[in-house]
Amino acid sequence: MTKLVPSEVPVKATGDPTSRVVEHILTHYRGLFATVVLLPVSALYGAYVSVRDRIAFRLKSAPAKHDQKVKKVIGQIEAWKRDGCREKLCTARSGWKSMSELVPKYKLFHRKIDVSLYDILEIDEERMLLRVEPLATMGQISRSLVPRGWTLPVVPELDDLTVGGLIMGFGVESSSHKYGLIQHICESFDIVTAEGKLLRCSASENPDLYYLIPWSHGTLGFLVAVQLRIIPAKKYVRLHYRPVYSLDDMVDVFEAESRDTEKNDFVEGLVYSRDTAVILCGMMTDEKGADGPLNAIGRWYKPWFYKHAQTYLTERKEGFEYVPLRDYVHRHTRSYFWAMEEIIPFGNHPLFRWLLGWALPPRIELLKYTETETTRRLREKHHVVQDMLMPIRYLAKSIQYFDDHFELYPLWLSPMAVYENERKLGFIHSFRGEGDILGELYVDIGAYGTPKKDSFDNASALPSLEKFVLDHRGYQALYARTTLSRENFRTMFDHKDYDRLREQLPYCKLAFDEIYDKVSSKGRTSPVELRRMNKVRPRHPR
């Protein structure tokens with residue numbers, strides 16, 4: 001996902017002739033390779049997954065098999081205990097499938113537990129609840145719910161994001177100003193502990209686990225089912241595009257719209273420079289009005305959404321459109337927000353969209369697996385993929401910080417409520433300044449791409465950014481690379497009750513790493529380095 005800096009591309013690659021040729025192609029012709037190879041493979045795999053999901057859903061086979069699959073998870077843990085609890089545990093799911101640009105190296109040395117749970121179990125329309133397995137994806141869920149007239153209150157944009165990953169990490173969407181993070185729409189979790197017990201966790205049943213499972217990154221047990229709230233869906237989102245041309249207006253308009261939960265089901269900001277942005281506000285509706293056209297932005301031949309939104313800025317106009325609901329909630333999938341422009345620079349050209357737009361985006365695991373030593377080095381130095389969650393009172397200061405130190409645009413703004421539970425349990429907490437009665441809104445600031453700041457280097461820029469976030473009582477999204485020390489990590493995220501719970505749960509510390517050990521450089525590495533480690537590591541006796 002990195003643009004090459006010509007002065008830093010090595011003249012000569014190392015290795016045998018075939019390796020050098022492959023390295024050269026993957027480095028210098030990445031867009032062409034992604035088009036010719038990765039897109040067809042991705043399209044075939046996507047078609048297979050879609051057919052499998054639909055058959056399982058229509059035959060209603062998943063619920064009958066669920067209990068059997070959970071028993072299999074428990075059986076594997078019992079076998080680990082019989083073997084003396086010698087290794088740490090992790091899921092057997094390939095680390096290449098995570099949405100992070102990094103891959104977990106701890107999976108090379110941990111005992112893998114097969115948790116192949118990826119189905120929708122039940123849609124309870126009477127109680128307005130959805131029960132799913134943890135590997136069910138946002139695309140799979142929206143395809144099942146929307147035609148039936150339902151949706152999740154919070155649907156993170158990218159199709160391949162899994163329920164379990166969003167809960168164990170974090171999940172935000174442009175409706176989060178109204179409903180909070182994805183953890184806040186979860187009614188219950190089913191988890192298999194390191195002791196081999198299946199526990200139902202809710203606000204009234206095992207509440208400590210219920211409130212501490214979100215953000216825990218699989219360090220308290222294996223998630224096997226989730227029950228989420230659903231709400232009635234409508235056909236369209238009446239989407240208002242409002243360009244702004246100063247930082248003060250940007251912040252004032254964004255905050256005012258984010259606090260208006262009666263008028264706005266959705267709010268987001270696309271920031272194109274320090275002083276220019278488009279603020280988008282949406283409301284679900286069943287009727288198309290006369291104040292704007294119907295725009296099915298999810299069609300393969302349509303411009304990438306952030307490019308389309310930018311036209312309102314360049315043409316200095318505001319306006320309304322009616323967007324089909326599912327097109328809206330997955331509006332950034334085809335272009336991975338704007339990362340696709342660095343992978344396939346010609347991907348938004350009308351000819352490419354008409355011919356191959358239906359195949360976008362390429363699978364994230366294929367993009368990672370085809371990283372080269374050169375692109376790794378350039379990515380680590382020049383490329384940024386970060387989400388920082390900041391109190392909204394510091395939004396102007398945060399945008400100014402990114403402009404001063406990164407000069408990276410667009411930036412994504414998504415407002416979010418962080419609700420405090422009555423027990424005040426959890427890794428993150430609502431922000432309360434002096435005299436505040438209610439917790440303050442946060443803003444997810446998403447920075448994805450190659451900064452234009454002269455002499456930019458992640459080695460110094462990322463630690464400085466993390467200090468800025470820490471100093472302003474923000475949080476870092478942990479799917480991304482972090483350079484925080486263990487001490488600063490524990491300062492940013494409240495570990496008090498998490499530590500207590502890990503001491504209380506039998507076998508927990510024997511079975512699972514701490515969060516920091518999984519998300520820091522100790523637990524994750526580059527795709528290139530993992531391939532190298534895979535080649536040289538000794539075979540496990542199992």
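Note that this is a predicted model, so its numbers are computed, not measured. All values below come from the heavy atoms of this structure, side chains included, with hydrogens, waters and symmetry mates left out.
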Hey, does [Y] have a side-chain heavy atom less than 4.5 Å from the side chain of [X]?
{"X": "R353", "Y": "P350", "result": "yes"}
{"X": "H330", "Y": "V155", "result": "yes"}
{"X": "Y401", "Y": "L465", "result": "yes"}
{"X": "Y475", "Y": "D444", "result": "no"}
{"X": "I515", "Y": "S520", "result": "no"}
{"X": "D275", "Y": "M250", "result": "no"}
{"X": "Y479", "Y": "L161", "result": "no"}
{"X": "V384", "Y": "L408", "result": "yes"}

Legend entry - Between H383 and E342, a side-chain donor and acceptor under 3.5 Å: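 Looking only at side-chain atoms, E342 and H383 do form a donor-acceptor pair, the distance falling under 3.5 Å.
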Inset, instruction - Give a yes-or-no answer on whether the side chains of N295 and K302 include a donor-acceptor pair shorter than 3.5 Å. - result: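 A donor-acceptor contact under 3.5 Å links the two side chains.
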Inset, instruction - Mind running salt bridge (Lys or Arg N to Asp or Glu O under 4.0 Å) on E257 and K263 for me, showing each step along the way? - result: CA-CA 8 Å; E257 298 291 1; K263 189 179 76 172; 3.5 Å; yes
Is [X] reaching over with its side chain to a backbone N or O of [Y], donor-acceptor style, under 3.5 angstrom?
{"X": "Y336", "Y": "P362", "value": "yes"}
{"X": "E133", "Y": "L223", "value": "no"}
{"X": "N264", "Y": "C281", "value": "no"}
{"X": "K107", "Y": "T91", "value": "yes"}
{"X": "S144", "Y": "Q140", "value": "yes"}

So, taking the atom named [atom1] in [X] and the one named [atom2] in [Y], what distance separates them when rounded to the nearest 0.5 Å?
{"X": "L270", "Y": "L313", "atom1": "CG", "atom2": "CG", "result": "10.0 Å"}
{"X": "L247", "Y": "D252", "atom1": "CG", "atom2": "CG", "result": "9.0 Å"}
{"X": "I392", "Y": "S398", "atom1": "CD1", "atom2": "OG", "result": "10.5 Å"}
{"X": "L484", "Y": "L462", "atom1": "CG", "atom2": "CG", "result": "8.0 Å"}
{"X": "E268", "Y": "E157", "atom1": "CD", "atom2": "CD", "result": "7.0 Å"}
{"X": "N458", "Y": "K381", "atom1": "CG", "atom2": "NZ", "result": "10.5 Å"}

Would you say the ring centroid of [X] lies under 6.0 angstrom from that of [Y]?
{"X": "H184", "Y": "Y179", "result": "no"}
{"X": "H405", "Y": "F468", "result": "no"}
{"X": "Y306", "Y": "F337", "result": "no"}
{"X": "Y312", "Y": "Y241", "result": "yes"}
{"X": "H349", "Y": "F346", "result": "no"}
{"X": "Y272", "Y": "Y409", "result": "no"}

Is the charged tip of [X] near the ring of [Y]: under 6.0 Å from the six-membered ring centre and within 45° of its axis?
{"X": "R316", "Y": "Y245", "result": "yes"}
{"X": "R473", "Y": "F431", "result": "yes"}
{"X": "R524", "Y": "Y106", "result": "no"}

Inset, instruction - Apply side chain to side chain contact (heavy atoms under 4.5 Å, CB included) to the pair D159 and T137, showing each step before the final yes or no. - result: CA-CA 7 Å; D159 275 24; T137 67; 5.9 Å; no
Under-4.0 Å salt bridge between [X] and [Y]:
{"X": "E407", "Y": "R274", "answer": "no"}
{"X": "D327", "Y": "R331", "answer": "no"}
{"X": "K105", "Y": "E529", "answer": "no"}
{"X": "R363", "Y": "D160", "answer": "yes"}

Inset, instruction - Please determine which of H217, K518, H110 meets the side-chain hydrogen bond (donor to acceptor under 3.5 Å, both in side chains) test together with D513. - result: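 Checked H217, K518, H110 against D513; only one passes side-chain hydrogen bond (donor to acceptor under 3.5 Å, both in side chains): H110.
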Closest approach of [X] to [Y] (non-hydrogen atoms, all atoms of both residues):
{"X": "L280", "Y": "A309", "result": "CD2-CB, 4.4 Å"}
{"X": "V385", "Y": "Y448", "result": "CG1-CD2, 4.2 Å"}
{"X": "P153", "Y": "S175", "result": "O-OG, 2.6 Å"}
{"X": "V267", "Y": "P415", "result": "O-CD, 3.1 Å"}
{"X": "L145", "Y": "L152", "result": "CD1-N, 3.9 Å"}
{"X": "L360", "Y": "I344", "result": "CD2-CD1, 4.1 Å"}

Legend entry - Under the side-chain hydrogen bond (donor to acceptor under 3.5 Å, both in side chains) test, residues paired with H472 that sit two or more places apart: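 Once residues adjacent in sequence are excluded, the partners of H472 under the side-chain hydrogen bond (donor to acceptor under 3.5 Å, both in side chains) criterion are K397.
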Inset, instruction - List the steps, then state whether side chain to side chain donor-acceptor pair (under 3.5 Å) holds for S414 with E173. - result: CA-CA 7 Å; S414 182; E173 166 52 25; over 6 Å; no
Legend entry - Partner of Y516 by ring-ring contact (aromatic ring centres under 6.0 Å, His included), out of F489, F493, F427: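 For Y516, the ring-ring contact (aromatic ring centres under 6.0 Å, His included) test succeeds with only one of F489, F493, F427, which is F489.
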Legend entry - side chain to side chain donor-acceptor pair (under 3.5 Å) between S273 and T276, worked out: CA-CA 5 Å; S273 74; T276 61; 2.6 Å; yes
Inset, instruction - Could you pull out all residues at least two apart from D517 that satisfy salt bridge (charged side-chain N to carboxylate O under 4.0 Å, His left out)? - result: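 Testing D517 for salt bridge (charged side-chain N to carboxylate O under 4.0 Å, His left out), a comparison that skips the adjacent residues, returns R486, K522.
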Inset, instruction - Take D260 and H177 through the side chain to side chain donor-acceptor pair (under 3.5 Å) test and state the conclusion after the steps. - result: CA-CA 9 Å; D260 192 345; H177 69 299; over 6 Å; no
Inset, instruction - Please report the C-alpha distance between E440 and S430 in whole Å, then the side-chain angles of each, then the deciding distance to 0.1 Å, and finally whether the side chain to side chain donor-acceptor pair (under 3.5 Å) criterion is met. - result: CA-CA 7 Å; E440 186 166 335; S430 58; over 6 Å; no
Inset, instruction - Begin with the C-alpha distance, continue with both residues' side-chain angles, and end with the deciding distance and a verdict on salt bridge (Lys or Arg N to Asp or Glu O under 4.0 Å) for E341 and K307. - result: CA-CA 11 Å; E341 188 172 13; K307 291 288 192 184; 3.8 Å; yes
